[in-house]
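To start, the structure under review is shown below, and the notes come after it.
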Number of protein chains: 4
Amino acid sequence: MPSTTPTRRQAAAAQTREKVLAAARELFMASAYEDVKAADIARAAGVAHGLVFHHFGSKQGLYQEVLCQIGREVLALHCDDPEIPLGRRIRRSHAAHLAYLADHRDVALHLVLRPPAPESEEFDDVRDQGHRELCRNLGLDFERPAVRLAARLYATAADQLARDHLTSADPLDTDTVVEMLVAVLIGALRAARTADPELDVDPVIRALELP
Amino acid sequence: MPSTTPTRRQAAAAQTREKVLAAARELFMASAYEDVKAADIARAAGVAHGLVFHHFGSKQGLYQEVLCQIGREVLALHCDDPEIPLGRRIRRSHAAHLAYLADHRDVALHLVLRPPAPESEEFDDVRDQGHRELCRNLGLDFERPAVRLAARLYATAADQLARDHLTSADPLDTDTVVEMLVAVLIGALRAARTADPELDVDPVIRALELP
Amino acid sequence: MPSTTPTRRQAAAAQTREKVLAAARELFMASAYEDVKAADIARAAGVAHGLVFHHFGSKQGLYQEVLCQIGREVLALHCDDPEIPLGRRIRRSHAAHLAYLADHRDVALHLVLRPPAPESEEFDDVRDQGHRELCRNLGLDFERPAVRLAARLYATAADQLARDHLTSADPLDTDTVVEMLVAVLIGALRAARTADPELDVDPVIRALELP
Amino acid sequence: MPSTTPTRRQAAAAQTREKVLAAARELFMASAYEDVKAADIARAAGVAHGLVFHHFGSKQGLYQEVLCQIGREVLALHCDDPEIPLGRRIRRSHAAHLAYLADHRDVALHLVLRPPAPESEEFDDVRDQGHRELCRNLGLDFERPAVRLAARLYATAADQLARDHLTSADPLDTDTVVEMLVAVLIGALRAARTADPELDVDPVIRALELP
DNA sequence: TATGAATGAGCCTTCATTCAT
DNA sequence: GATGAATGAAGGCTCATTCAT
């Protein structure tokens, strides 16, 4: 059947594309954007230089693709099973996030807290969506400025903590870090209430305090 | 003594140096490191291209210089008058910091939370020193890992909050932001206690809760 | 005989070839040779990139094909019916040529007076043949250098005039342009006589002056 | 005197610039625009690759510069001394032009009748100014469309003739070519009258017919 | 000290062409 | 015949840095 031939070819092409993407991800996570040469990526992927552009249009296009791939992976870590009590849900998400970063030290070190050099609106969107999911999990209205502020505040602090944790010579155990994150989250919520006194964060805080 | 009485030439040279430094600071704060060309700086300073290298050795050297200048300015903002109660001292430092960032939006937007592209050990030192002073102010031992962790955690969150505050279309008033910072700081301290249960943060927290 | 009865496949192939040729013609006439990419042509024709090379060997081969097609079309415009008096015959040819260019503005603007970038011997031949036919029409011996010179001279001027006419915001009417062409042709003939005094151009000129 | 030093340096720089310009001119006149590499020019000029861009910004900038230089040279050839009778003035200009082209065969072959690949408004201006001067010489109003048309018509034909003359294995003598040009010019003027019957070209033609 | 011309390594990108399917 | 993924050579341009003056 001739119709299977194109499929096989398409599959091969997609596979090549993935090879390039994987090589790019590794290199981009290991060095600064400008220090990664398109030629390096091609060489690492074992393909011709021009193929990078055939599949991704430009070095930046490829970079964005890498970013989005990671963003999607991270988003998928969230636990939002409503059956599980809030405190456990959040802790589980945190633990998953930490585990991911531990498994992807390069991502943790080169992406988190280091906004990608070429401004990437798509990546910002993914990040934003992460905050949105956190708020949904907490039962807070993301549209309220104070809530959004707290989410960003907290996420930043959490990234910093994760980084420190991962680079520490004498790292804490994961559970401890998760508890620290919860403490910081509670602080961020109290800060939110300061900005928006009508915000009722007490139930959330109480729920978070229960492991 | 000729060494204490700079000749006119030396004075002029120093002035030229400052011109370059000022131009560099403005440009570096306005764009990413790689997007600022040595030639741009020279042009903005109204001097010859080569002079940049004459005075600062290299583009990176100049960048470090800019970073240190800013770091020193920020460090000078801390209020550590022991006569003043802790809560007020911290709030005063925060307010001063926020005022500084409001006056130097470019610094707030392009330095804070955006670690300088070329690794800058000196700048890290300055940053570290800021954390150290904060801890001294709080009466906590910076040498304890958990304390250090909390300081970094908090500083990062504070930076994020300041950024959001400055870029917001509808900014909160300064006092509110200061209170939010205090709330976050308390959260960070609680997190520190989680990591290091022997740490007695309660007195500090109580002191912070008094305006 | 299978050779005279092209199979369906062959017919389809020929049709595809034409599609590519038509797309190429349009693009080549709309932009400079180097600005037309083989990929553009394939896309415009709705065929695979590689097909261009399958049918025409190379981009240049395709270009030559386009050129020859146009050359043949232009050659076919000449009126050389010996029954018609010279003045009318020439005017008729001119009018036909002008009409063709008006119908193919792209050809007029991008080919005429703009020798094809890649040296095209074949196109030069076609051009030459046009001059030859003009001379035959005029009853002049194309082999005489002065005649050939005059023909080229005239053809160039005529092209320029046609271009100007077509791009003018306020174009003259066709008959006027035709008369101008005749005037220029007469000038060229007089120039030919200057170069070759033995050339008897007076009868031709007299014939041309009769509408 | 320190003030002479910069002068000397400037002179040296200008000389280098000229070296590059000269090399570029030679190469551009010898090949098509795209076939001349910036690196070739630098090599031919004996300077670093980057210097081309230091002085001319881009390959195109350099090309334009070459074009303008030639345009200025050609413009300077016109003889418009009102003391000299028209016929002689025109013939003298033509002869000068032909001599120039003979001395600059590369220009004649690669510029004349071959509009520069990258559209060059400046060069068009120079060309236009040439036509303007011709008309002023002839005492005709360049603002009249028919006059402008005739000027362009004639210039094009003259370029063609000059080309043929220069590439001919058995070239005519210069005087003959000049007379041919005059004949063509008269033809163009008659064509102009066809387009604009109010135009009184007879006195000009009579003046041209006197050597 | 100051100038700015000169250097040259290096990079992204383009694109005609090939070829396995 | 048709496809389009893959190739790879080549080129324009940038820019930190040097250096003669």
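Since the model is a prediction, treat every value here as computed from it, not as a measurement. Naming convention: chains lettered A, B, ... in sequence-line order (proteins, then strands); numbering from 1 in each chain.
Rounded to whole angstrom, the span from the CZ atom of C:Arg17 across to the C1' atom of F:dA2 amounts to 16 Å. One interatomic measurement links the two molecules: NE2 of A:His55 to C1' of F:dG4, which rounds to 10 Å at whole-angstrom precision. Atom CZ in C:Arg43 sits roughly 13 Å away from atom P in F:dA5 (whole-Å rounding). Distance, D:Asp40 CG to F:dA10 P: 12 Å, rounded to whole Å. E:dA2 atom P lies 19 Å from atom CD of D:Gln10, rounded to whole Å. Atom CD of A:Glu34 is separated from atom P of E:dA9 by 22 Å (rounded to the nearest Å). Taking atom CZ on D:Arg8 and atom P on E:dA5, their separation rounds to 17 Å, with Å as the unit. Residue A:Lys37 contributes atom NZ, which lies 13 Å from atom P of E:dT13 at whole-angstrom precision.
Between B:Lys19 and B:Gln15 the shortest side-chain heavy-atom distance does not fall below 4.5 Å. Counting only heavy atoms from C-beta outward, the side chains of D:Phe53 and D:Leu62 never approach each other to under 4.5 Å.
Of the candidate nucleotides E:dT17, F:dT14, F:dT7, E:dT17 has the atom lying nearest to any side-chain atom of C:Ala38. Comparing atom distances between the B:Phe53 side chain and each of F:dA16, F:dG1, F:dC13 picks out F:dA16 as nearest.
With the nearest nucleotide of DNA chain F identified for both A:Ala12 and C:Leu51, C:Leu51 has the one nearer the 5' end. Between A:Gly50 and B:Gly57, it is A:Gly50 whose nearest contact on DNA chain F lies nearer the 5' terminus. Between D:Ala48 and A:Lys59, the residue anchored nearer the 5' end of DNA chain E, judged by the nucleotide with its closest heavy atom, is D:Ala48.
Within the shown strands, E:dT7 is the pairing partner of F:dA16 under the Watson-Crick or G-U definition, both distances less than 3.5 Å. Base-pair partner of F:dT21: E:dA2 (Watson-Crick or G-U wobble, both distances under 3.5 Å).
C:Val36 comes within contact range of the sugar-phosphate backbone alone, with a heavy-atom separation under 4.0 Å but no base atom that close. Nucleic acid contact for D:Val47: sugar-phosphate only, since backbone atoms but no base atoms lie under 4.0 Å from a heavy atom of the residue.
Side-chain atoms of D:Asp40 come within 3.5 Å of backbone atoms of D:Lys37 as a donor-acceptor pair (strictly under, hydrogens ignored).
The base of E:dC12 does not come close enough to the side chain of A:His49 for any donor and acceptor atom to sit less than 3.5 Å apart.
Between E:dA2 and B:His54, no contact under 4.0 Å exists linking OP1 or OP2 to a side-chain N or O. When the side-chain nitrogen and oxygen atoms of A:Thr16 are compared with OP1 and OP2 of F:dA6, one or more of them lie within a distance under 4.0 Å.
Judged by the 6.0 Å distance and 45° axis criteria, B:Lys59 is not positioned over the aromatic ring of B:Phe28.
The side-chain contact (heavy atoms from CB on, under 4.5 Å) with C:Arg25 is formed by just one residue from the set C:Val20, C:Asp106, C:Val107; it is C:Val107.
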